[in-house]
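Structure first, commentary second.
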Amino acid sequence: MIKAVDLSHQVPVFDGTLEILKDIQLEIKAGETVAIVGSSGSGKSTLLGMLAGLDLPSSGSVELNNIDITVLDEEKRAALRASHVSFVFQNFQLLGSLTALENVMLPLEVAERAQPLKTAKEYLARVGLSEREQHYPRQLSGGEQQRVALARAFASEAPILFADEPTGNLDAETGGHIADLLFTMNNEANTTLVLVTHDQTLARRCNKQFVMNAGKLAESAPAAR
Ligand SMILES: Nc1ncnc2c1ncn2[C@@H]1O[C@H](COP(=O)(O)OP(=O)(O)OP(=O)(O)O)[C@@H](O)[C@H]1O
Ligand SMILES: [Mg+2]
């Protein structure tokens with residue numbers, strides 16, 4: 001489902017070149033749940049962006065569903081993302097000028113899905129926010145905003161979900177509820193999940209765990225978990 005081969009990324013900095021990703025090899029099967037942990041600045045978000053086709057690596061390839069996304073032009077990559085990928089971010093990334101319902105509905109409308117309103121209402125109900133359909137993000141707590149973001153992500157019914165620190169801005173209890181909801185919805189939809197987290201409890205709920213260390217990725221042995 002997701003395959004990265006010899007993935008490397010460098011960016012020019014004032015005194016030379018910064019190596020952000022070093023020769024990463026990764027294979028994730030359909031329906032697997034994968035956690036990537038590692039210290040701040042080790043390259044986790046950069047890797048996620050490359051796997052999702054948001055950015056292009058300096059070298060190496062990324063396949064989604066057997067399609068090499070690194071050789072596609074921006075338009076084709078955007079189309080592949082739209083049909084294959086959804087996201088949940090640490091800072092929720094809801095549009096402040098749209099209501100909760102409109103936030104969930106917008107990507108469905110862009111993708112020209114049948115019955116966007118009905119689908120959006122169903123997914124908001126799924127995360128327990130039917131009463132909040134007409135509320136704007138600023139009227140919602142962090143946990144509620146992340147529930148809207150989960151509704152938006154799963155409503156797209158994309159086969160792959162990338163989540164970058166989905167509980168990072170929430171207190172432990174709220175984060176726990178969001179994690180439960182994420183795994184429940186993921187299980188029902190059988191989505192392939194790639195999760196970046198600092199939270200070991202969350203990481204341990206995934207089928208596989210990888211550790212990012214200064215741009216290098218290694219699978220952590222089950223015994224060490
Ligand atoms: N476009 C860029 N130009 C220069 N440096 C960059 C660029 N993008 C990322 N970096 C650097 O690459 C390193 C990895 O960044 P990244 O955001 O992937 O880390 P991370 O593991 O997600 O960290 P965190 O846990 O804090 O979110 C950091 O040192 C960052 O400053
Ligand atoms: Mg990050």
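Computed over heavy atoms, backbone and side chain alike; hydrogens, waters and symmetry mates excluded. Indexing begins at 1, ligand by ligand and atom by atom, following the structure's order. Predicted model, so just to flag it, every value in this text is computed and none were measured.
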Among side-chain atoms of [X] and [Y], is any donor-acceptor pair under 3.5 angstrom?
{"X": "Thr33", "Y": "Asn207", "value": "yes"}
{"X": "Asp164", "Y": "Gln90", "value": "no"}
{"X": "Asp171", "Y": "Thr174", "value": "yes"}

- Message: Given the ring of Tyr136, does Arg138 sit roughly above its face, with NZ or CZ under 6.0 Å from the centre of the six-membered ring and within 45° of the axis?
- Response: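 Verdict for Tyr136: a cation-pi partner in Arg138.
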- Message: Around the Mg ion (ligand 2), how many protein N, O or S atoms are found at less than 2.8 Å?
- Response: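 Near the Mg ion (ligand 2), the number of protein N, O or S atoms below 2.8 Å is 1.
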- Check whether any side-chain N or O of Lys121 sits under 3.5 Å from a backbone N or O of Ser130 as a donor-acceptor pair, and report yes or no.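 Between the backbone of Ser130 and the side chain of Lys121 there is no qualifying donor-acceptor contact (under 3.5 Å).
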- Message: Using the ring pair (Phe, Tyr, Trp, His ring centres under 6.0 Å) criterion, which residues pair with Phe92? Sequence neighbours excluded.
- Response: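 Counting only residues at least two positions away or on another chain, Phe92 forms no ring pair (Phe, Tyr, Trp, His ring centres under 6.0 Å).
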- Have a look at Val127 and tell me which of Arg132, Arg147, Glu144 forms a side chain to side chain contact (heavy atoms under 4.5 Å, CB included) with it.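 For Val127, the side chain to side chain contact (heavy atoms under 4.5 Å, CB included) test succeeds with only one of Arg132, Arg147, Glu144, which is Arg147.
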- Query: Who's touching ligand 1 if we go heavy atoms under 4.0 Å?
  - Reply: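 Within 4.0 Å of ligand 1, the protein residues are Val11, Leu18, Ile20, Ser39, Ser40, Gly41, Ser42, Gly43, Lys44, Ser45, Thr46, His198.
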- Could you name each residue pair satisfying salt bridge (Lys or Arg N to Asp or Glu O under 4.0 Å) that touches residues 83-106, not counting sequence neighbours?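 Qualifying pairs, neighbours excluded: none.
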- Is any side-chain heavy atom of Glu165 closer than 4.5 Å to a side-chain heavy atom of Phe89?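 They are not in side-chain contact.
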